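Note: hydrogens, waters and symmetry copies are ignored here, and every other heavy atom, side chains too, is used. Since the model is a prediction, treat every value here as computed from it, not as a measurement.
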Amino acid sequence: MSRAAYEIRAVGEVPRELLDDFEGMTVSANPAGTTIHVVLGDEAELHGLLEALSREGFVVVDVHREPDVAPDQD
């Protein structure tokens, strides 16, 4: 599986409950908005996260793919 790390910035403070379905993320909030760092398995997961934010009325201002993540070790 090809995993990728992302930094997503959204306007406003995103409640943790909204992000419960997405594991392994770090979230930081400040007056300018919320920054989410997450490693996702594929683009479908990315789109699911972005859709969840949009559905709740959050405006995503930036999505940045971070350097490649090492593959899962079996």
| said: Is any side-chain heavy atom of Leu49 closer than 4.5 Å to one of Met25? | reply: yes
| task | Rounded to the nearest 0.5 Å, what's the gap from CG on Asn30 to OG1 on Thr34? Could you check? | result | 7.5 Å
| task | Kindly work out whether a path of hydrophobic side-chain contacts (I/L/V/M/F/W/Y, heavy atoms less than 4.5 Å apart) joins Leu50 to Val59. | result | no
Tabulate below the donor-acceptor pairs under 3.5 Å that side-chain atoms of residues 4-20 make, not counting sequence neighbours, or state none.
| residue | atom | partner | partner atom | Å |
| --- | --- | --- | --- | --- |
| Glu7 | OE1 | His37 | NE2 | 3.4 |

| Gap between atom OG1 of Thr35 and atom NE2 of His64 - 0.5 Å precision | 12.0 Å
| request: Not counting sequence neighbours, list each pair that qualifies as a side-chain hydrogen bond (donor to acceptor under 3.5 Å, both in side chains) and has a residue in residues 49-63. | output: Glu51-Arg55
